[in-house]
Amino acid sequence: MSTREPPVWFHQGRSCIWPPYSQTKTAELPVPVARSCGSRLFTTDGRELVDGIASWWTAVHGYNHPHITSCISAQLEKMPHVMLGGVAHEQAFRLASRLAGLAPGDLNHVFFSDSGSVAVEVAMKMAVQYWCNRGNPERSRFISFYGGYHGDTFATMSVCDPDEGMHRIFSNAIQSQYVRPLPETEEEYTSLLDFASSRNDIAGVLIEPLLQGAGGMHVHDMDVLKRLRELCSKLDIFLLFDEIFTGFGRTGSVFASNKADVVPDILVAGKALTGGFLPLAATIASERIYKGFYSDCPDHALMHGPTFMGNAMCCAAANASLDLFEQEPRLDQVARIEKELRSALEPLRQLSPVRDVRVLGAMGAVELEKPLPPALLKKRFLELGVFIRPLARCIYLTPAYTIEREELHQLTDAITTVVEEQDRPG
Ligand SMILES: *Cc1c(COP(=O)(O)O)cnc(C)c1O
């Protein structure tokens, strides 16, 4: 391992840049990365790290995939960006029709934005305005679930888990929603149904299907989604799936909706949409939602329009990423990763520091009884040649689907080493 000093830009920028989710006074120094390739990050001081997180689970084809790189370059030469207001361009239009084809049921109407949080806000806005347009303005609130994470903006904070989340401080500033336990049993379902039936102010139910990600990597059964579909249909409210984490293969099928065979009224995609190259998100609505805006009344239009919506390079990256899902065996790779994560991580369940092990598709999580000091973990993982960034007491892997077998083993071995070290302290 080299001991070379970080570069000048690192020292100059460090006090100017405000990093995400960090107490800057005590946070560990970030790792200066010079370049990326496949599942690896190369640091400025000459180290090579196997990346277990794939940049918040976005880089599903690995970094620098040549097909995505060349499609973005080609688009860059032609036209980097034009606004979507009053203008049409091929990349956005092609992407919209491809997403409509991939999304289940009659989810055929695609609204682009540039981040997941905004795309969830757009979904919430669609649901609320649908009811307004129909003469039910009282239907303006959402049911969401403990353990959920839907973004960091004000409306999305209101539907995150208020305790697990990072947003407790804002409780006085955000709209109150109905955050409830996931209906995993018949009794919980009945209780939720009773609750929802007793209110007339609910616009819809919002959930991350099958896998709640940033709130702690919690996995639930498909029955939860089937029950929620039933509940929403019965009460005639909307079911909103936030597939920003689960979309594009993470749970083993293109969308978790496909795997669970449940069709929501609105599906939100982001994160891996561009294969981790550029920021882009999509809110995909059903015929019924779309028709609720389609009228002779200008006030019935959806009043939203991010400046960079449908950016041509972002859409070119997403189209290229979808090409790769068609041309390369991504879902088979996810199935292989699932098998390997299961056999490598399940045995850790026996160790005393471990509370639970959860694997679904290309996601493996080891939840500890108590969190380990992040500084210690980070240092140990770097020593072991891997980049892994736990969420509180949850050490998880969301690797690229193209990760080599040996690289995946290096990641699971590193987790095993760290957990075993805690099992026999001193
Ligand atoms: C990351 C994430 C978001 C927020 O997306 P941003 O692009 O960070 O705004 C919302 N929902 C889920 C499930 C996510 O994983």
May I ask you to decide if Thr58's main-chain N or O and Ser55's side chain share a donor-acceptor pair within less than 3.5 Å?
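Judged by distance alone, no pair lies under 3.5 Å.
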Side-chain touch Phe142/Ile202, heavy atoms, less than 4.5 angstrom:
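Phe142 does not reach Ile202 side chain to side chain.
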Would you call Glu243 and Arg250 a salt bridge, taking side-chain N to carboxylate O under 4.0 Å as the test?
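No, Glu243 and Arg250 are not salt-bridged.
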With the side chain counted from C-beta on, respond yes when Asp265 and Leu240 share a heavy-atom pair under 4.5 Å apart, and no when they do not.
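Not touching, per the 4.5 Å side-chain cut-off.
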Is there a donor in the side chain of Glu121 and an acceptor in the side chain of Thr153, or the other way round, less than 3.5 Å apart?
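Side-chain D/A pair, Glu121 to Thr153: present.
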Does Asp261 CG have over 12 foreign heavy atoms under 6.0 Å away?
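No - once you tally the heavy atoms of other residues, nucleotides and ligands closer than 6.0 Å, there are 12 at most.
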If we count only N and O atoms by modelled type, under 3.5 Å, do the side chains of Ser36 and Arg40 hold a donor and an acceptor together?
no
Under a plain distance cut-off of 3.5 Å, with no hydrogens placed, do Thr156 and Tyr149 share a side-chain donor-acceptor pair?
no
Side-chain heavy atoms of Gln212 within contact of Met217, under 4.5 Å
no
Identify whether the distance between the nearest side-chain nitrogen and carboxylate oxygen of Glu28 and Lys379 falls below 4.0 Å.
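Lys379 and Glu28: not salt-bridged.
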Would you check if there is a donor-acceptor pair between the side chains of Tyr189 and Asp223 at a distance under 3.5 Å?
no
Begin with the C-alpha distance, continue with both residues' side-chain angles, and end with the deciding distance and a verdict on side-chain hydrogen bond (donor to acceptor under 3.5 Å, both in side chains) for Asp152 and Tyr21.
CA-CA 11 Å; Asp152 293 342; Tyr21 309 119; 2.5 Å; yes
Side-chain donor-acceptor pair under 3.5 Å between Arg199 and Tyr178, yes or no?
yes
Just by distance, do the side chain of Ser144 and the backbone of Val159 share a donor-acceptor pair under 3.5 Å?
yes
Between Phe145 and Val179, is any pair of side-chain heavy atoms under 4.5 Å apart?
no
Do His61 and Phe325 have ring centres separated by under 6.0 Å?
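Between Phe325 and His61, which both carry aromatic rings, the centre distance is below 6.0 Å.
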Looking at Ala312, is its backbone amide N or carbonyl O close enough to the side chain of Gln91 to form a donor-acceptor pair, meaning the two atoms are under 3.5 Å apart?
no
I'd like to know if Glu230 and Arg227 make a salt bridge, using a cut-off of under 4.0 Å between side-chain N and carboxylate O.
no
What about the rings of Phe255 and Phe241, do their centers lie closer together than 6.0 Å?
no
From Leu331 CG over to Thr251 OG1, what is the distance, rounded to the nearest 0.5 angstrom?
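The OG1 atom of Thr251 is 9.0 Å from CG of Leu331, to the nearest 0.5 Å.
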Between Ala196 and Leu235 the two heavy atoms that sit nearest each other are CB-CD1, 3.4 Å
Between Val31 and Lys378, is there a side-chain heavy-atom distance shorter than 4.5 Å?
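When only atoms from C-beta onward are counted, Val31 and Lys378 do touch, with a gap below 4.5 Å.
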Within 45 degrees of the ring normal and closer than 6.0 Å to the centroid, is that where the cationic atom of Arg180 sits relative to Phe195?
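Geometry flag: set, cation within 6.0 Å and 45°.
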Tell me yes or no: between the side chains of Glu188 and Ser191, is some donor less than 3.5 Å from an acceptor?
no
Just checking, Arg35 and Phe42: is the charged tip under 6.0 Å from the six-membered ring centre and within 45° of the axis?
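Yes.
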Quick one: which residue pairs count as a ring-ring contact (aromatic ring centres under 6.0 Å, His included) with a foot in residues 93-114, not counting sequence neighbours?
His109-Tyr290, Phe111-His304
Side-chain contact test, heavy atoms from C-beta onward, threshold under 4.5 Å: evaluate it for Thr307 versus Met83 and give yes or no.
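Of all side-chain heavy-atom pairs linking Met83 with Thr307, none is under 4.5 Å.
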Tyr294 atom OH, over 12 foreign heavy atoms within 6.0 Å:
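Result for OH/Tyr294: open.
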Side chains of Gln175 and Ser158, donor plus acceptor under 3.5 Å
no
Please step through side-chain hydrogen bond (donor to acceptor under 3.5 Å, both in side chains) for the pair Tyr63 and Ser39, ending with a clear verdict.
CA-CA 6 Å; Tyr63 295 111; Ser39 287; over 6 Å; no
Reported CG-to-CG distance for the pair Leu231 and Leu192, which is rounded to 0.5 angstrom
5.5 Å
Measure the NE2-CG distance between His220 and Leu210 for me, rounded to the nearest 0.5 Å.
5.0 Å
Any Val366 side-chain heavy atom under 4.5 Å of Arg355 side chain:
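No, side chains not in contact.
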For a quick test of reading the model, state the closest non-hydrogen atom pair linking Gly216 to Cys394 and the distance between them.
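Heavy-atom minimum between the residues: O-SG, 3.7 Å.
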Okay, side chain of Lys271, backbone of Ala59: is any donor-acceptor separation there less than 3.5 Å?
no
How many angstroms lie between CD1 in Ile68 and OG1 in Thr274, if you round to the nearest 0.5 Å?
7.0 Å
Keeping the roles fixed (side chain from Asn136, backbone from Glu138), state whether a donor-acceptor pair exists under 3.5 Å.
no
Of the non-hydrogen atoms in Gln75 and Ala316, which two are nearest, and what is the gap between them?
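In this case the closest contact between Gln75 and Ala316 is CB-CB, 3.8 Å.
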Compute the ring centroids of Phe308 and His81, then answer whether they are less than 6.0 Å apart.
yes
Atom CH2 of Trp18 with >12 non-hydrogen neighbours under 6.0 angstrom:
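No.
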Please name the pair of heavy atoms, one in Ile403 and one in Pro399, separated by the smallest distance, quoted to 0.1 Å.
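Heavy atoms of Ile403 and Pro399 come nearest at CD1-CB, 3.9 Å.
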Is Arg349 paired with Asp356 through a side-chain N to carboxylate O contact shorter than 4.0 Å?
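Yes, Asp356 and Arg349 are salt-bridged.
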So does Glu340 pair up with Arg336, basic N to acidic O under 4.0 Å?
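Yes.
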Could you tell me whether Arg14 atom CZ has more than 12 heavy atoms of other residues or ligands within 6.0 Å of it?
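Atom CZ in Arg14 is not crowded, with 12 or fewer foreign heavy atoms closer than 6.0 Å.
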List the steps and the verdict of salt bridge (charged side-chain N to carboxylate O under 4.0 Å, His left out) for Arg393 and Glu369.
CA-CA 7 Å; Arg393 54 188 159 75; Glu369 290 291 348; over 6 Å; no
Presence of salt bridge, Arg389 and Asp51, under 4.0 angstrom:
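No, Asp51 and Arg389 are not salt-bridged.
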If we only count heavy atoms from C-beta on, is the Tyr396 to Trp57 side-chain gap below 4.5 Å?
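Yes - at least one pair of side-chain heavy atoms lies under 4.5 Å apart.
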Taking it one step at a time, do Arg139 and Tyr130 satisfy side-chain hydrogen bond (donor to acceptor under 3.5 Å, both in side chains)?
CA-CA 9 Å; Arg139 293 200 177 206; Tyr130 176 94; over 6 Å; no
With a 4.0 Å cut-off on N to O distance, would you call Glu326 and Arg98 a salt bridge?
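So Glu326 pairs with Arg98 through a salt bridge.
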For Gly292 and Asn133, the nearest pair of non-hydrogen atoms, with its separation, is O-ND2, 3.1 Å
Calculate, to the nearest 0.5 Å, the distance between atoms CZ and CG belonging to Arg380 and Leu382 respectively.
10.5 Å
Could you tell me whether a side-chain N or O of Asp221 sits under 3.5 Å from a main-chain N or O of Val224, the two making a donor and an acceptor?
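Looks like no, no N/O pair under 3.5 Å.
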Considering all heavy atoms of both residues, which atom of Ala301 and which atom of Gln129 are nearest to each other, and what is their separation?
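Closest approach of Ala301 to Gln129: O-NE2, 2.8 Å.
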How long is the gap from SG on Cys315 to CG on Leu322, to the nearest 0.5 Å?
10.5 Å
State whether the side chain of Glu208 and the backbone N or O of Phe245 hold a donor-acceptor pair below 3.5 Å, judged by distance alone.
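It does not hold such a pair.
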Is it true that Lys339 and Asp332 make a salt bridge, defined as a side-chain N closer than 4.0 Å to a carboxylate O?
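Between Asp332 and Lys339 there is no salt bridge, as every charged N stays at least 4.0 Å from the carboxylate O atoms.
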